Structure formats: C-alpha cells, structure tokens
Amino acid sequence: MSRPKPPRISQFVWSLILPCSIRDSLLGDIEEEFARIADSQSAVRARRWYVKELLRSAWAVLSWRFVTSLVTRALLAAATGFAAIYLFEFIAFDWVFGDALRGTASVYGDVSKVVAFGSSELFISGLVAGSAATLLSRTDGSQLWVMSALTLAGFLIGYSIYHAFAMPELMSVKLRLSLMMLKVPFVLLGAWAGASMFSRCFAPAR
Amino acid sequence: MKDSKPKHVGDFEFLVLTAILRLSDQAYGVAISREIEQRTGRSASFGAIYTTLDRLKKKALVSSRLGEATQERGGRSKTLYSVTKLGLESMQLSLGALRRMIDGVEALQ
C-alpha cells in the first residue's frame, strides 16, 4: 500500500506563503510529522492535522514575512508618516484656523496656509519625537499604538476626502510642491516610527 | 558588525534555545516542537518555531547546518540548529534576571 500524501492544495498554499530560506526545511518537517500521524493514527487524522497546522502557522509566517520584508515595512511606515502629518494638518488647518480662514477670501490665501501648515509641521515633529522616545523605551506601548494607528487611519480617510474635494482649486502647484518637500524629513521620521510601531504590534509572539 | 553583547531573550525564544541544547546535535523543527510540547505542555506551530529560529539566527544566538534528506520528509533536508556562545550567554543573562526577580517571592517558593 502506498504511503498517504499530504493534501496537494495545502502544500501549494504552504509553498506560496513560506520564504525560500525555510521552505524546504519546514515543508520537510511537516511532511515528516504528517507521515508519523498517518502511520500511528490514520490518514484522515493526518490530513486534518496538516490543514490545522497550516492555519495555525499561516498567521505567524505571514506576519513574520510582512515584518521582515523591507518593502512592506517601508510602505506601511510611509503610510503611517503621512497619516500622522495629515492628522496634524487637519487639526491645525481646519480646527484651529479653519473658522477664521473660511471668513474671507483674502485671508484664505497661500500665506495663511503656509502659516497653518508650518505650525502643523511643528506639531508633527513633536509627535514624531514623542513617538521615537516611546519606541526607544523598553516599555510595551503596543496597545497605545494600536489605538493611535486606528485614530490616525480614521482622520486620514476623513481628511483625504476633504482634501480631494475642497483643496485642489485653492492651492497653487508650486506651493503644493514646496509643502511636499517640507514634509519629506517628517515623513522619513514618521516612516521609521511607523516601522517600529508595526514590528512591535504585529511581530510573532516572543 | 553584529552586536556581540548578550541580550535578553523572550520566553518562547528561551524555550526554543533550551530545546536545542537538550537535543544536542538532533535539534531540528519537528524535534524542537516535540521537546517543547512534551516538557511544557505548550503546543507551538511549526510556523511559530521557524519564525523564532529565524529571529534567533539573525541575532546570532543560533547557527544552522543542513542535515540528511529522508524519504519520509519528501526528500527534503533537515536544518539542524545549535546554540552559539552568544546564545548561551544571552540565556544565562535572562535566567539570571528571572532568578533575581523571583528570589524571595514567597508565593513562588
């Protein structure tokens, strides 16, 4: 009688999610354990174990791949940096200066915007410095960061909608580019903070 | 250059390192997982074992080499792990900290 084989579909899924560095060893380990269960118990139990093991391991492997991949870390970090900046622009521009600026067209001009955006950049630098201090400390701030990330995401969505529909006609391309350049160092700092935050929140259990 | 100072290890990392030491030259994924489950009752997925091993390797706390390929493994080689000198020092650092913490705690005596 031929030896039972692990489910092909599961093997295919494994080969998709596993990084090359451990693929052979891990698949070999799983096949060895599958054979042991099939011999000592039954093929049905072995197949059940195989699928269960795939599901159990998927989260650990996927989050590990995500955390250790420079590309995904950088993308997530940049997104976090932008989210943080937009949050503070939103607070400074819309909440603090918003009512006054909306009053007349003359003050609702580029200079006022630069002042408003400039002050928001100061806020964000404070935030990033605070974040860096938190991340460098040995205390576990993961819960705080999860809440902060959710809040930032909410604000980002809200502000993006506002930005898309209300802002484009009010700002010159040159000013937009200048503001973008101003943001670069803050985005980089935010990127680093975001990457650290992500690796702390979602890294596999230590 | 890699930092060669011993560093504290997490609890699961500590279990994996201890299992490797116990298994000596037969420490690979299946054996490590079995050893941890038998001695602690903690069932760890292979994914968790391998992500931990990868982290330990990056910290230079373990080293690896390829073992033999067998038919029951589908012709795939084993990766055998061993604890490095830095790994041993890191374990001693963490164990020392734990011992000092529980020393004199009556509820744990």
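What you see is a predicted model, and the numbers here were worked out from it, not measured in a lab. Order of the sequence lines fixes the chain letters, A, B, ..., with proteins taken first and strands second; residue numbering starts at 1 for each chain.
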A.B. asks: Within the 4.5 Å heavy-atom criterion, are R36(A) and R34(B) side-chain neighbours or not?
C.D. replies: yes
A.B. asks: Most heavy-atom pairs under 4.5 angstrom with chain A, which of G67(B), S77(B), S45(B), G47(B)?
C.D. replies: S45(B)
A.B. asks: Heavy-atom cut-off 4.5 Å, strictly under: side chain, backbone, both or neither for T79(B) against chain A?
C.D. replies: both
A.B. asks: Within a strict 4.5 Å, meaning less than it, do heavy atoms of the S33(B) and E33(A) side chains meet?
C.D. replies: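 Sidechains of E33(A) and S33(B): no contact.
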A.B. asks: When rounded to the nearest 0.5 angstrom, what distance separates CG in D54(B) from CG in L26(A)?
C.D. replies: 11.0 Å
A.B. asks: Does any backbone or side-chain atom of L54(A) lie under 4.5 Å from a heavy atom of chain B? Answer side chain, backbone, both or neither.
C.D. replies: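 Neither part.
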A.B. asks: For the pair R76(B) and E32(A), find out whether any cationic side-chain nitrogen is under 4.0 Å from an anionic carboxylate oxygen.
C.D. replies: no
A.B. asks: For a 4.5 angstrom cut-off between non-hydrogen side-chain atoms, does S25(A) reach Y50(B)?
C.D. replies: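 Touching, per the 4.5 Å side-chain cut-off.
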A.B. asks: Quick check on A31(B) against chain A: is it the side chain, the backbone, both or neither that has a heavy atom closer than 4.5 Å?
C.D. replies: neither
